[in-house]
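Input: a single structure, listed below in structure tokens.
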Amino acid sequence: MSRYNPKETESKWQKAWETADCFLTQTDPERPKYYVLEMFPYPSGRIHMGHVRNYTIGDVIARFKRARGFNVLHPMGWDAFGLPAENAAAERDVHPADWTYSNIDAMRAQLKSMGLSIDWSREFATCHPGYYSHQQALFLDFMQSGLIERRESWVNWDPVDQTVLANEQVIDGKGWRSGADIERRRLSQWFFRITAFSDELLDGLDDLERWPEKVRLMQQNWIGRSEGARVFFDIEGREEPLEVFSTRPDTLYGATFGALSPHHPLAVELAERDPALKDFIAECDRLGTSEEAIEKAEKRGYDTGLRMRHPLVEGKTLPLYVANFILVEYGTGAIFGCPAHDQRDLDFARKYGLDVIPVVRPKDVPSAEWSIRNEAYTGDGVLCNSDFLNDLPVPDAKRKVIERLEAEGLGKGTVQFRLRDWGISRQRYWGCPIPVIHCPDCGPVPVAKEQLPIELPRDVSFDKPGNPLDHHPTWKHVNCPSCGGAAQRDTDTMDTFVDSSWYFARFCSPRAEDTPLERRDVDYWLPVDQYVGGIEHAILHLLYSRFFTRGLKKAGYLNVEEPFAGLFTQGMVCHETYRAQDGRWLSPEDVTRDSAGALVDSDGNPVSVGRVEKMSKSKRNTVDPAEIIDSYGADTARWFMLSDSPPDREMEWTDSGIEGAWRFTQRLWRLVRETAEDKLLPPAGLACPKSFGEKALGLRRQVHKTIQGMTEDIEAFHFNKAVARLYELTNTLSSATAARNEEGMAWALREGCESLVRLIAPMMPHLAEELWQALGHDNLLAVQDWPVADTSLVQDETVTIAVQVNGRLRAKLQQPRDSEESVLREAALGDETVQRYLEGKEPRKVVVVPNRIVNVVL
RNA sequence: GCGGACGUGGUGGAACAGGUAGACACACAGGACUUAAAAUCCUGAGGGCAUAGCCCGUGCGGGUUCGAGUCCCGCCGUCCGCACCA
């Protein structure tokens, strides 16, 4: 028999699906819907193995749900704005739009070769005016709803590239591209007021039951709610009191100093008259904003000479410092230091010789014996040295001190969040233009919706650093919509995370022209039932989308709070790493085995094998999906992706793994084809015979157990277990052909083969289609129903009972299912081996678990 | 430092709710077919021993239980996220 030819077969069925419009979807309130979405790709030009894993998982779910009778929405699009297109433009003199669209064409073809059941009629790219014009409209709506603000903020500024950099683009205080020292600058930027929903975004996490606990936790930490108090300290010789935030107001009596962030308004003001302070602040700025820089920095302070009055201790004053470890963005940008109960404050106090007053002691240590050395005490306890708070447990003291502060107007209990507003202005060309005009007289004026879209000009130059939009000779010069005078467009574009914050909703009505979202469509499809993507987006993308959904609701576009009812985060695709003798990374393609079985490079030099790591260009341990699909076919690649490793864990791509999957593909093809060609096989659709031989019945039992098990496994995303079941069924079917003359066996074989083919269809859709046809069907398997297990066949009639003596396995018994406990007990005690252990004595105890185990205790 | 996840054969991993540890696959070994190889098929396999059987075995040490990979306590290790957030 010839071999299976995936290349021919796969494109044949892809065309058949397309011709039959199998995967086009309509809004249909009469039918139950299921919206499955994978994170859309950035159009880099080629798919990578991470995409293959992501889209395989999504496609299995989509095909499965479709077979289960759902109206399935499974769309695809392109996260098409972003810096790489501008880099390509600067390096290769190709327009970002051309570069992007040709990449999209290439990647679409690659995705299509995977045989994904996608409704391609809904495809869009975020860089198309048909998408971003609506995003501009949403910007205006959000402005109207009070969700957008313009304000100054600190940014990482690259003086060479003349642009703002994200924190992750600053490496060791230098720009990732230019290598220039990054400055901290204050810049006017647009902010989405994500903090307006801090509480909702936090509380909403509790209801996301089908999200990984891990992601919910990460978001919870990111939002970072903490309860505490704001306390006012009067400063000697000044009108305005200083406001500080603390989560430990109970330790107020232990305060021995105050500290300001170098960017606190008061610090800035003082610096104007104090050159030494100015120098100190400048030095803090030079450290940069990268986490490592902050981490390594020693705690340092500058004594302003000012004294602040302790709000509760008459006559007591504390020195006020400017300190490099105080963040201006958090709380009020100012603290009171309590060295005894905060390690940072203790380090600071020891350095500058400040007092350390313990105010919390462990309950069983008397005040007199309690002191602080080099470790701040942050544990539980009761108050001491604290006047009216003495002997109260910490939580009570917190409550009581806040009451007192509030009563005397010295402070108040508050809730503080770590979450900050989302700055979206980017000094870039290839992004969504911000629909605002800056007028010297009227300030920032929103563009009227009728004037949208504000399209990107095509004729831009990438020759000089900075923002091409800003350099464009005419684009920005417009008249003020309000007063008609000369004004300028905002030349910033939106963070590309904005584009991906609502694309899932746009897929519901991708071609709507007058509105971003058609109410009837979003009401039917949203929320996404199952979202699938990488854990790397656990915080930003998912949090932004959750914010956007609330914003869209506020603006009246939809009626859900949460965009993604279910979230699945798949693991990374990894591969061994290889190095040449000189330390260069080697690609797997360049590594072979010599005759002795040792790994060598293309010149025959020995190769050292490194750890298994995430596929990456830098380590050169990538495998190109296009090549794999070209030589083995998409089904084999998909099958291997689903085998062995649980989908939420990392998987290792290996040659032997893909070859094993390839062998199985061939084996399955051969098995079903040979069976189908066997003259004994009854035609499709023949009624079930009345009786079956023992082997045929056994086969049928396994078939129906597999159907049931598979269904549960796919629902639970246990694809690797589902694969194992299919291997088992295939093994059984292979050996069953030997008994094909047995009563009912031919019928059972057809049932088995058809079930196998139908079960395998979500994973290997092309092969399944081919075999479905070989079994005599002339309809498309892609639109057939999922098989249903016959429950009467799912349970065996006899079960194996394990017999233990003192908890150790000594024998096994075959017994009818659901045998009485007494029967099992007698059978176990009567067993020869058990008799030997009993030595004629009575057992002390016999534990019987029906259908499972009997434990005889001596 | 804080938070979280995970430790099972040579490897990836199964094991429902405390009830037969190692399903399934990869790799390996032996055999069949072949002039030979590939492909395919069959067989074997956690470790040990005095091998009809017994002992040991799920990172380590304890505990609960008739029975623990699974539950509890204490360690060790690996990975991930956050991190001067007052």
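Per chain, numbering begins at 1; letters A, B, ... match sequence-line order.
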### Message
Could you go through A:F640 and A:W653, starting from their C-alpha distance and side-chain angles, then the distance that decides it, and tell me whether this counts as ring-ring contact (aromatic ring centres under 6.0 Å, His included)?
### Response
CA-CA 9 Å; A:F640 178 44; A:W653 186 275; 4.8 Å; yes

### Task
Select one nucleotide: of B:A15, B:C82, B:C84, the one nearest the side-chain heavy atoms of A:N324.
B:C84

### Task
Could you check A:Q666, A:R673, A:R667 and say which one makes a side-chain contact (heavy atoms from CB on, under 4.5 Å) with A:Y4?
A:Q666

### Query
Going by heavy atoms in the side chains, are A:I357 and A:Y253 under 4.5 Å from each other?
no

### Message
Applying a 4.0 Å non-hydrogen cut-off, can you work out what A:Q804 is touching in the nucleic acid: base, sugar-phosphate, or nothing?
### Response
base

### Summary
Out of B:A86, B:G19, B:G3, minimum distance to the side chain of A:L217 belongs to B:G3

### Query
To the side chain of A:R808, which of B:U40, B:C55, B:A21 is closest?
B:C55

### Query
Within a reach of under 6.0 Å around CD of A:E329, are more than 12 heavy atoms found that belong to other residues, nucleotides or ligands?
yes

### Task
Examine the base of B:C66 for any acceptor or donor lying under 3.5 Å from a partner atom in the side chain of A:K845, and report the outcome as yes or no.
no

### Query
Taking the P atom of each, how far is B:C2 from B:C84, in whole Å?
15 Å

### Message
By the 4.0 Å heavy-atom rule, please label A:K812 as base, sugar-phosphate, or nothing.
### Response
base

#### Entry: Atom P, compared across B:C26 and B:A32: separation rounded to whole Å
23 Å

## Note on the structure
Side-chain atoms of A:Y727 come closest, of B:A15, B:A25, B:A83, to B:A25

### Query
How would you label the contact of A:I326 with the nucleic acid (heavy atoms, under 4.0 Å): base, sugar-phosphate, or nothing?
base

### Query
Would you call the rings of A:F233 and A:F336 parallel, tilted or perpendicular, where under 30° means parallel and over 60° means perpendicular?
tilted

### Query
With rounding to whole Å, what would you report as the distance between B:A83 and B:A15 at their P atoms?
35 Å

### Task
Select one nucleotide: of B:C80, B:C41, B:U20, the one nearest the side-chain heavy atoms of A:I853.
B:U20

### Message
Closest approach to the side chain of A:R810, judged atom by atom: which nucleotide of B:C84, B:C55, B:A14 is it?
### Response
B:C55

### Task
Measure from the side chain of A:V847, starting at C-beta and using heavy atoms only, and say which of B:A14, B:A23, B:C66 lies closest.
B:C66

### Separation between the C1' atoms of B:C33 and B:G22, rounded to whole Å
33 Å

### Message
Regarding A:R725, tell me which of base, sugar-phosphate or nothing describes its non-hydrogen contacts under 4.0 Å with the strands shown.
### Response
nothing

### Query
Can you check side chain to side chain donor-acceptor pair (under 3.5 Å) on A:T665 and A:T636, steps first, answer last?
CA-CA 6 Å; A:T665 311; A:T636 299; 3.0 Å; yes

### Task
Could you measure between the two C1' atoms, the one in B:C60 and the one in B:U78, and give it in whole Å?
15 Å

### Query
Which nucleotide in the list B:G13, B:C41, B:A86 gets nearest to the side chain of A:P646?
B:G13

### Query
Say you pick atom P in B:C71 and the same atom in B:U8; how far apart are they, in whole Å?
16 Å

### Given B:G53, B:G12, B:C66, the nucleotide with the shortest approach to the side chain of A:R836
B:G53

### Query
What's the closest nucleotide to the A:S246 side chain, out of B:C16, B:A21, B:A86?
B:A86

## Note on the structure
Test side chain to side chain donor-acceptor pair (under 3.5 Å), reference A:T800, set A:R852, A:Q814, A:Q815, output is A:Q814

### Query
With under 30° as parallel and over 60° as perpendicular, where do the rings of A:Y544 and A:F497 fit, or are they tilted in between?
perpendicular

### Query
In whole Å, what separates the P atom of B:G62 from that of B:G69?
15 Å

### Task
Look at the rings of A:F348 and A:Y352 and say which category their plane angle falls in: under 30° parallel, 30 to 60° tilted, over 60° perpendicular.
tilted

### Task
For A:S656, report the nucleic acid contact type (base, sugar-phosphate, nothing); a contact means any heavy atom under 4.0 Å.
sugar-phosphate

## Note on the structure
With both pairing distances under 3.5 angstrom for Watson-Crick or G-U wobble, and | for a partner in another strand, the correct string for RNA chain B is (((((((..(((......[....))).(((((.......))))).((((...))))..(((((..]....))))))))))))....

### Query
With rounding to whole Å, what would you report as the distance between B:A21 and B:U70 at their C1' atoms?
11 Å

### Task
Indicate, with a heavy-atom threshold strictly under 4.0 Å, whether A:S226 touches base, sugar-phosphate, or nothing.
sugar-phosphate

### Query
Using a cut-off of 4.0 Å on non-hydrogen atoms, how would the nucleic acid contact of A:N855 be classed: base, sugar-phosphate, or nothing?
base

### Message
Quick check on B:G48: syn or anti? Syn means the glycosidic torsion is within 90 degrees of zero.
### Response
anti

